[in-house]
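The first residue in the sequence is number 1, and the count goes up from there.
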Amino acid sequence: MAMTKEQQAFLKTMTDTDTPVRLMHEVFMKYDEDGSNSIDIEELGHLIYDLGLFLSKEEVKQVSAKMDRSHDRKIQLDEFIKWWTQEGKFRDVRQAHLSRMVKASEYFKAFDKNRNGFIDVSEFRKLYDDLVSKKLTDVPLETLFRNLDKDHNGKIDFNEFIEFARCGYQLPKH
């Protein structure tokens, strides 16, 4: 799908006078994986993830809805540039990320039955069963526990779990 005349005029005006906008165009095109001159929700999710934040599909939809001024469920180049150049563009992303971390903290506490800041093996089995039932992980229990227990003390501490949650309940790829 080609850019509309309005989008081409906007891009020409901006790129003739503003070099950073050319760079934004390049970034936009990198994430326009299907060549449609727009970024869909999935592509926006990839962009935000590469910027260092993992958001759930629902959180990406919320950010997308705020950016999508034309309400066509696609982020057009001009919408992306307006969003990119506005003050506080990551406020919504940070709020969604913070909300996710609060939920992860509550989730951890729900399984830390003795409230000692650690999830031992028996507590972890219950947490693991819950993660699997919610289809949040498919990593075998022993592998997951071993990878999360960074200091090898036989327990998952709060920070180890939060890092796991930050990665979308998936083990980081090495």
Side-chain angles (χ1 to χ4, degrees), residues 24 27-28 30-34 38-69 71-75 79-80 82-174:
M24 285 183 264
V27 169
F28 180 88
K30 174 184 174 190
Y31 290 96
D32 180 15
E33 296 171 353
D34 61 4
S38 62
I39 298 175
D40 64 24
I41 291 173
E42 184 176 342
E43 291 164 339
L44 179 63
H46 294 303
L47 182 149
I48 292 171
Y49 182 71
D50 283 353
L51 291 173
L53 291 174
F54 176 85
L55 299 179
S56 70
K57 288 182 181 182
E58 186 59 37
E59 292 164 334
V60 172
K61 283 180 188 177
Q62 291 170 3
V63 170
S64 175
K66 291 189 182 217
M67 290 172 62
D68 183 14
R69 297 185 191 276
H71 307 291
D72 62 356
R73 296 182 179 221
K74 299 258 183 195
I75 307 303
E79 293 169 330
F80 174 75
K82 284 177 186 174
W83 173 76
W84 187 264
T85 58
Q86 80 181 19
E87 189 69 32
K89 64 186 158 284
F90 292 109
R91 181 179 61 242
D92 296 326
V93 173
R94 284 193 300 266
Q95 287 174 343
H97 181 68
L98 178 60
S99 172
R100 181 163 217 219
M101 291 300 98
V102 167
K103 288 177 185 173
S105 173
E106 291 168 356
Y107 192 64
F108 179 90
K109 290 175 185 175
F111 290 93
D112 180 18
K113 296 298 182 190
N114 57 6
R115 302 278 188 234
N116 65 355
F118 296 95
I119 295 178
D120 62 28
V121 175
S122 67
E123 292 167 328
F124 186 76
R125 285 185 197 286
K126 292 173 185 160
L127 182 145
Y128 178 81
D129 290 343
D130 195 62
L131 288 171
V132 169
S133 73
K134 293 177 179 175
K135 298 184 183 196
L136 292 173
T137 190
D138 58 0
V139 177
L141 183 136
E142 296 80 15
T143 302
L144 186 58
F145 189 87
R146 187 175 55 252
N147 280 276
L148 293 181
D149 183 16
K150 301 285 186 205
D151 58 6
H152 309 290
N153 65 354
K155 301 179 264 188
I156 308 300
D157 70 37
F158 179 78
N159 290 329
E160 291 167 334
F161 182 77
I162 291 299
E163 179 61 23
F164 174 60
R166 191 186 69 75
C167 294
Y169 299 99
Q170 299 298 316
L171 293 176
K173 293 183 170 108
H174 299 288

**OP:** Please assess Met67 against Ile39 for the test side-chain contact (heavy atoms from CB on, under 4.5 Å), listing each intermediate value before the final yes or no.
**Re:** CA-CA 11 Å; Met67 290 172 62; Ile39 298 175; over 6 Å; no
**OP:** Can you measure from CD (Glu79) to NZ (Lys66) and round to the nearest 0.5 angstrom?
**Re:** 15.0 Å
Subject >> Distance in Å, Phe164 CZ paired with Leu127 CG, rounded so as to fall on 0.5 Å steps >> reply: 8.0 Å
Subject >> Reported OG-to-CD distance for the pair Ser64 and Gln62, which is rounded to 0.5 angstrom >> reply: 10.5 Å
Subject >> Minimum-distance pair of heavy atoms, taken over all atoms of Leu144 and Tyr128 >> reply: CD2-CD1, 3.7 Å
Original post:
By side chain to side chain contact (heavy atoms under 4.5 Å, CB included), which residues pair with Lys113, not counting sequence neighbours?
Top reply: Glu123
Original post:
Could you give the distance from CG (Asp32) to NZ (Lys74), rounded to the nearest 0.5 Å?
Top reply: 8.5 Å
Subject >> Stepwise side-chain contact (heavy atoms from CB on, under 4.5 Å) check, Thr143 with Leu141 >> reply: CA-CA 6 Å; Thr143 302; Leu141 183 136; over 6 Å; no
Original post:
At their closest point, which heavy atom of Glu160 faces which heavy atom of Lys155, and how far apart are they?
Top reply: OE1-O, 3.3 Å
**OP:** Return the minimal non-hydrogen interatomic distance between Gly154 and Val121, and the atom names on each side.
**Re:** O-CG2, 4.0 Å
**OP:** Return the minimal non-hydrogen interatomic distance between Asp34 and Asp40, and the atom names on each side.
**Re:** OD2-OD2, 4.3 Å
Subject >> Set of residues satisfying salt bridge (Lys or Arg N to Asp or Glu O under 4.0 Å) with respect to Asp130, sequence neighbours excluded >> reply: Lys134
**OP:** For Ile162 and Ala104, work out which heavy atoms get closest and say how close.
**Re:** CD1-CB, 3.9 Å
**OP:** Could you list the residues that satisfy ring-ring contact (aromatic ring centres under 6.0 Å, His included) with Phe145, not counting sequence neighbours?
**Re:** Phe124
Subject >> Minimum heavy-atom distance between Asn153 and Asp151, given as atom pair plus value >> reply: OD1-OD1, 3.0 Å
Original post:
For the atom pair OH (Tyr31) and CG (Leu44), what is the distance rounded to the nearest 0.5 Å?
Top reply: 10.5 Å
**OP:** Find the distance between CD1 (Ile75) and CZ (Arg69) and round it off to the nearest 0.5 Å.
**Re:** 10.0 Å
Original post:
Just by distance, do the side chain of Asp68 and the backbone of Asp72 share a donor-acceptor pair under 3.5 Å?
Top reply: yes
**OP:** Give the C-alpha distance, both sets of side-chain angles, the deciding distance and a yes or no for side-chain contact (heavy atoms from CB on, under 4.5 Å) between Val132 and Asp138.
**Re:** CA-CA 7 Å; Val132 169; Asp138 58 0; over 6 Å; no
